[in-house]
4 protein chains.
Amino acid sequence: MIRVAIIGAGGYTGVESIEILLRHPEAKLTYLTAQQEFGRAADIYPQLAGRCELAIEPLDLDKLGKLADVALCCLPHKVSMSMVPKMLAAGVKVVDFSADYRIRDLATYEKYYEPHTDKENLAHAVYGLPELFRDQIKGARLVANPGCYPTGASLALAPLLKNNLIKPTGIVLSSVSGVSGGGKKPTPGFHFPYMNENMYAYSVGVHRHMPEMEQVASDVAGKPVELLFQPHVGPFDRGIFTSAYCDPIAPISPDTLKKTYQDFYKGEQFVQILSAPPAVKNVARTNYVHIFPTFAKGKVVVFSVIDNLIKGASGQAIQNMNIIFGLDETLGLK
Amino acid sequence: MIRVAIIGAGGYTGVESIEILLRHPEAKLTYLTAQQEFGRAADIYPQLAGRCELAIEPLDLDKLGKLADVALCCLPHKVSMSMVPKMLAAGVKVVDFSADYRIRDLATYEKYYEPHTDKENLAHAVYGLPELFRDQIKGARLVANPGCYPTGASLALAPLLKNNLIKPTGIVLSSVSGVSGGGKKPTPGFHFPYMNENMYAYSVGVHRHMPEMEQVASDVAGKPVELLFQPHVGPFDRGIFTSAYCDPIAPISPDTLKKTYQDFYKGEQFVQILSAPPAVKNVARTNYVHIFPTFAKGKVVVFSVIDNLIKGASGQAIQNMNIIFGLDETLGLK
Amino acid sequence: MIRVAIIGAGGYTGVESIEILLRHPEAKLTYLTAQQEFGRAADIYPQLAGRCELAIEPLDLDKLGKLADVALCCLPHKVSMSMVPKMLAAGVKVVDFSADYRIRDLATYEKYYEPHTDKENLAHAVYGLPELFRDQIKGARLVANPGCYPTGASLALAPLLKNNLIKPTGIVLSSVSGVSGGGKKPTPGFHFPYMNENMYAYSVGVHRHMPEMEQVASDVAGKPVELLFQPHVGPFDRGIFTSAYCDPIAPISPDTLKKTYQDFYKGEQFVQILSAPPAVKNVARTNYVHIFPTFAKGKVVVFSVIDNLIKGASGQAIQNMNIIFGLDETLGLK
Amino acid sequence: MIRVAIIGAGGYTGVESIEILLRHPEAKLTYLTAQQEFGRAADIYPQLAGRCELAIEPLDLDKLGKLADVALCCLPHKVSMSMVPKMLAAGVKVVDFSADYRIRDLATYEKYYEPHTDKENLAHAVYGLPELFRDQIKGARLVANPGCYPTGASLALAPLLKNNLIKPTGIVLSSVSGVSGGGKKPTPGFHFPYMNENMYAYSVGVHRHMPEMEQVASDVAGKPVELLFQPHVGPFDRGIFTSAYCDPIAPISPDTLKKTYQDFYKGEQFVQILSAPPAVKNVARTNYVHIFPTFAKGKVVVFSVIDNLIKGASGQAIQNMNIIFGLDETLGLK
């Protein structure tokens with residue numbers, strides 16, 4: 001039985017991780033911490049009533065080391081890189097939800113985020129997208145759990161880039177996220193009477209997930225890839241719908257296109273290649289990604305959907321945890 | 001042309017009042033004030049772009065007196081009673097959206113709200129529910145615009161109480177409001193990922209609109225009426241659905257019941273008596289109330305729907321304004 | 001391993017039952033049938049992709065008898081009572097989702113529904129609300145799974161009725177259901193542009209769940225109980241919010257009220273007694289019921305929330321199945 | 001006073017047109033017809049109660065000629081081209097909402113739709129996008145009201161194409177529409193429990209609005225333009241959010257870009273050029289289009305929002321009607 005701590009259990013990804021772990025047959029929640037709200041988890045989150053008797057406490061590193069084998073670190077970036085070294089030193093493995101260990105290039109990280117204070121661990125952190133980097137995850141001590149948008153986008157593009165079927169420039173990724181992606185803090189933009197019946201774009205040309213996507217795409221392609229990622233938010237709780245528009249290097253037949261995806265994801269438990277456009281609702285509350293590659297007006301168009309809190313965060317983290325510890329990758333997730 | 005000021009233009013009822021007045025053929029917006037956010041209204045509220053060139057300014061009472069004949073005062077209670085006397089002194093008539101002048105009984109007001117600081121004006125304020133108190137509104141200098149819940153509830157009950165058809169005790173009013181009723185301020189309870197796909201009850205037995213409803217009901221009945229009002233909030237922007245459950249004093253025939261309502265509201269421009277349960281969406285963004293009186297299991301059951309921001313606030317205020325100034329009551333509202 | 005068939009797998013409760021059984025450690029889906037749409041379940045319901053390889057077939061009673069120990073019968077009423085006798089004859093136990101075996105009194109059933117064609121099995125069918133009738137369910141061959149509204153309403157009222165704390169007349173149950181309660185068939189009333197941002201009442205005084213509620217309430221009280229049940233539908237997928245308004249026989253203290261509920265549901269795995277009003281979202285996609293008993297204006301007011309498709313249908317059916325077969329009642333449901 | 005008939009008053013665009021015309025100071029509804037549902041409009045559409053006393057009747061061409069100066073023809077394509085010649089012959093002007101008179105090139109029309117049966121009137125029909133083709137609309141007898149998607153997309157692209165700032169190929173238009181765009185007929189895809197909390201793409205590479213957009217874009221550019229239009233549907237009633245991704249021919253400065261749009265739309269009453277991404281909700285229930293042109297990663301990115309039923313249908317039709325009759329273009333629409 002793997003003993004799991006959740007550091008930062010107060011946000012959406014923390015609670016989602018709790019929910020999944022309560023169903024996990026070979027992992028056991030042993031320690032919950034948060035930065036602000038302390039007490040019985042089931043009192044703070046009535047949806048846990050009857051299912052979780054643990055309390056949420058302030059983080060104590062000694063306790064962490066004694067109680068847990070692995071920490072799911074749901075802290076925000078910057079806070080994360082201040083705590084992760086201490087958690088590793090306490091002897092636990094870490095799956096980190098923040099952006100702090102995702103971007104290898106320091107200059108890029110510091111351009112989009114801020115000065116990095118833990119270069120040492122950055123050097124050995126592994127990017128935790130199992131379908132692309134499973135082998136590196138296996139022995140990792142520190143896994144950087146991917147961003148929600150990059151998960152859906154990277155899995156949509158990877159087969160094309162790996163097989164050199166599309167040009168590495170001019171790629172457009174237009175995504176619409178559900179509102180839970182914006183986190184738990186009430187803001188005017190996510191106030192129900194504003195967000196309901198609404199849709200808007202944001203972070204035009206500057207979203208922090210764009211360089212993360214480019215890093216993954218370049219890794220897969222084996223050469224630099226440039227892409228434009230444009231996020232939007234729509235009036236639903238969960239899910240990300242990504243529409244990718246790419247220019248083929250040479251004409252591709254429909255059969256080749258479909259086979260490329262099927263071959264690339266052969267044996268993957270959480271990837272489904274569809275024959276029609278996907279719907280966000282069909283993956284809601286699951287760890288699945290549904291992908292539909294097709295053509296339109298001379299472009300390769302790929303649609304993907306994920307649940308931003310599961311495959312885009314907590315589910316993927318637990319998938320990574322399963323891999324790290326040599327368990328069946330799907331435990332708790334099917 | 002009546003010159004209208006909106007005091008507290010920053011909230012939902014302020015903006016809604018602006019929208020209505022932009023379509024009003026015999027009234028003209030001349031002055032907008034707020035407590036916090038200043039600047040061109042159309043910059044602060046992009047939905048006004050192209051339609052409103054006024055700026056929102058801090059309130060200046062001299063300016064108010066010079067620029068306006070009437071003030072729609074959209075300030076919160078307590079703030080309202082500190083400003084209304086000054087506005088009246090500045091020579092404008094006031095339609096006040098707060099609770100400060102709605103409840104005649106000082107002890108009741110102070111039990112549910114707080115110490116009253118303007119008893120003088122409370123004494124002559126008129127409760128602005130036109131369908132019930134039109135005659136008093138006509139010459140009023142200060143009209144207390146009713147609460148959103150009391151508007152829908154009072155209009156549902158009035159024909160029964162006036163005609164002494166139901167017992168004056170044991171009445172249950174179960175209402176569900178859209179989220180805009182909670183105002184513009186982001187809070188955890190109205191954060192989209194919490195409120196969406198949700199419904200909950202609140203203020204059990206203690207909602208401040210309950211004594212307001214009892215006052216109106218007692219006025220109409222000519223004797224004390226006691227009722228239980230229970231509010232809930234549901235995942236929609238606008239509207240209040242009220243289900244009223246009452247005990248008949250003596251058996252009533254369906255024809256009598258329907259005729260009672262039709263007679264009571266004869267000639268009313270904004271009241272529709274339906275023959276089937278109403279739907280909130282059919283009155284959204286209108287000043288109408290739809291009412292369906294019927295029977296079930298020995299009780300008289302009455303359903304009413306209104307738009308909480310229009311008939312429940314800004315529309316009714318402008319209906320009151322029209323009456324005060326002797327205009328056609330429906331101007332700007334049909 | 002219990003072998004489970006789902007008869008009528010094409011509707012919402014069928015798919016929901018599949019979802020739960022895929023996570024059940026001691027039950028195994030062996031046979032799926034429907035009336036109309038046949039083929040691989042995962043092709044018809046993309047949300048099952050990767051998780052369910054079974055096909056949906058026309059019902060073959062021989063096959064049913066050979067493949068299954070129990071049938072979850074998700075057929076509509078009338079169809080159900082034409083098939084259940086044959087399923088029982090084929091040697092399987094049946095948990096029936098329709099209304100056909102819920103109401104013991106034939107005249108009442110036939111008044112609200114239609115002529116009953118299987119009186120024989122009606123005679124021994126057990127009403128499957130485990131928290132109230134667990135002992136009878138244990139050995140049952142045929143369990144009538146309760147209606148969604150009656151589940152939430154009955155559990156809200158039972159402690160009061162059992163302890164003779166409220167009058168057995170004049171009870172008002174005002175409920176709001178999510179739209180999935182209306183089933184999978186597209187209709188004008190549930191068309192998104194109509195239902196979204198809407199709320200309405202229906203079936204005033206005549207809803208078929210009302211006599212079902214009265215039967216349960218009378219059973220619990222040990223004397224006839226009369227109640228008025230009024231359903232509404234609101235713009236959300238899942239859940240039922242019920243507000244119950246009752247007259248106490250004698251004054252009750254808050255402590256007594258709370259203790260009455262805690263004692264009544266002591267040891268129950270799926271019932272939580274709250275200290276504040278519940279929220280539908282907190283029980284969505286769970287088998288839990290959250291109940292908050294309180295007072296307001298001389299009445300006892302009780303709020304309950306359930307997920308209409310889980311505790312109100314598929315989850316409760318599997319809870320019943322677990323009880324029938326002597327399993328831990330919570331398997332697959334926590 | 002212009003006398004207006006609505007042909008096909010039964011659908012969403014018909015009712016929306018009624019709503020607008022009820023507020024129009026110089027037009028009067030005189031005749032409502034439909035294909036199926038007849039009777040008092042306010043009985044069929046309770047939201048019209050108290051405001052519209054007209055009945056909906058089967059179309060009688062004699063009556064049309066006697067009662068109306070202009071017909072807003074809200075019939076579906078194919079039906080429309082069978083009736084429009086007769087309406088013109090009856091002596092009324094026609095603003096047609098269908099696709100039948102939008103596409104000049106017969107082969108294109110017949111490829112995307114079906115054989116055209118009214119080439120005579122197609123020859124003189126005018127494409128009714130006032131901001132681009134106002135002069136032609138002025139004297140027109142038959143105006144083809146644009147599609148909802150083409151309205152938002154064309155207005156987003158026109159300033160760039162007219163000024164030769166972007167390449168005429170490789171343009172991507174990714175749009176998300178509210179559900180009312182799919183019409184009033186209940187279908188599985190728009191059933192609330194499916195559509196709510198969902199988002200999906202459809203008509204990949206084959207949507208009928210794509211050639212319409214290309215025609216307008218080519219007209220504006222003065223040369224052939226090719227574009228990829230991808231529609232999606234999201235869980236809201238109203239509005240279309242369009243994100244356009246284009247390749248600049250040469251570098252453009254931000255100031256030039258903004259000025260290009262401001263100059264192009266100078267004096268336009270319904271176009272607002274924003275300095276930040278628009279939000280669908282800010283144009284809901286208005287005839288406005290909000291546009292934000294900007295840059296990202298070497299591309300010109302333009303966002304536009306409209307209300308699909310107003311600027312994308314009924315509002316634009318009435319704007320066209322105003323122009324045809326020499327009225328102030330904004331009457332009824334502000």
Side-chain angles (χ1 to χ4, degrees), chain B residues 169-178 189 193-207 210 214 226-247 276-282 284-285 292 294-299 301-303 305, chain C residues 169-178 189 193-207 210 214 226-247 276-282 284-285 290 292 294-299 301 303 305:
Chain B
T169 56
I171 299 167
V172 171
L173 291 158
S174 199
S175 296
V176 183
S177 175
Y194 182 73
M195 184 68 240
N196 184 43
E197 292 293 288
N198 205 353
M199 176 174 162
Y200 49 91
Y202 64 102
S203 296
V204 188
V206 301
H207 197 280
M210 192 155 56
E214 290 188 329
E226 279 180 37
L227 51 81
L228 162 55
F229 162 61
Q230 179 54 52
H232 310 70
V233 63
F236 49 102
D237 275 8
R238 286 172 168 252
I240 294 175
F241 193 104
T242 294
S243 306
Y245 306 95
C246 320
D247 294 309
V280 155
K281 201 166 195 168
N282 285 336
R285 287 158 237 275
F292 173 53
T294 186
F295 302 95
K297 300 278 289 185
K299 294 205 179 254
V301 180
V302 189
F303 303 102
V305 292
Chain C
T169 57
I171 298 166
V172 171
L173 292 157
S174 200
S175 295
V176 183
S177 174
Y194 181 72
M195 185 67 239
N196 184 41
E197 292 292 288
N198 205 354
M199 175 175 162
Y200 49 92
Y202 64 103
S203 296
V204 188
V206 300
H207 196 280
M210 192 155 55
E214 290 188 329
E226 279 180 36
L227 53 81
L228 163 54
F229 162 60
Q230 179 53 51
H232 310 70
V233 63
F236 48 101
D237 275 8
R238 288 173 167 248
I240 293 175
F241 192 105
T242 293
S243 306
Y245 306 95
C246 321
D247 294 308
V280 155
K281 201 166 196 169
N282 286 335
R285 285 158 238 275
H290 287 187
F292 173 52
T294 186
F295 301 95
K297 299 278 288 184
K299 294 206 180 255
V301 179
F303 302 102
V305 293

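Basis for what follows: all heavy atoms, side chains included, without hydrogens, waters or symmetry-related copies. None of these values were measured; they are calculated from a predicted model. Throughout, a chain's letter reflects where its sequence line sits, starting with A, and its residues are numbered from 1.
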Checklist entry - Quick check: does any side chain N or O of C:Lys281 sit under 3.5 Å from a backbone N or O of B:Pro193, one acting as donor and the other as acceptor? => result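 Yes, because the side chain of C:Lys281 sits within donor-acceptor range (under 3.5 Å) of the backbone of B:Pro193.
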
Item to check | Among C:Glu226, C:Gln230, C:Glu214, side-chain hydrogen bond (donor to acceptor under 3.5 Å, both in side chains) partner for B:Lys297 | outcome: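 Of all the options given, the one that passes is C:Glu214.
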
Checklist entry - What residue in C:Ala279, C:Ala276, C:Gly298, C:Gly170 has the most heavy-atom pairs under 4.5 Å with chain B? => result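 Winner by heavy-atom pair count: C:Ala279.
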
Item to check | Residue among B:Val301, B:Val305, B:Asn196 with most heavy-atom pairs under 4.5 Å to chain C | outcome: B:Asn196

Distance check, rounded to the nearest 0.5 Å: [X] atom [atom1] versus [Y] atom [atom2]?
| X | Y | atom1 | atom2 | result |
| --- | --- | --- | --- | --- |
| B:Ile171 | C:Tyr245 | CD1 | OH | 14.0 Å |
| B:Met199 | C:Met199 | CE | CE | 6.0 Å |
| B:Leu228 | C:Phe295 | CG | CZ | 13.0 Å |

Item to check | C:Ser243 versus B:His232, closest heavy-atom pair with distance | outcome: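 Looks like OG-NE2, 2.7 Å.
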
Checklist entry - If you look at every heavy atom in B:Phe236 and C:Glu197, which pair is closest and at what distance? => result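 Heavy atoms only, the tightest pair is CA-OE2, 3.4 Å.
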
By a 4.5 Å heavy-atom criterion (distance strictly below it), what part of [X] contacts chain C: side chain, backbone, both, or neither?
| X | answer |
| --- | --- |
| B:Thr294 | side chain |
| B:Pro278 | backbone |
| B:Asp247 | neither |

Item to check | chain B contact via C:Phe229 - which portion, at a heavy-atom distance below 4.5 Å | outcome: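 For C:Phe229, neither part sits under 4.5 Å from chain B.
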
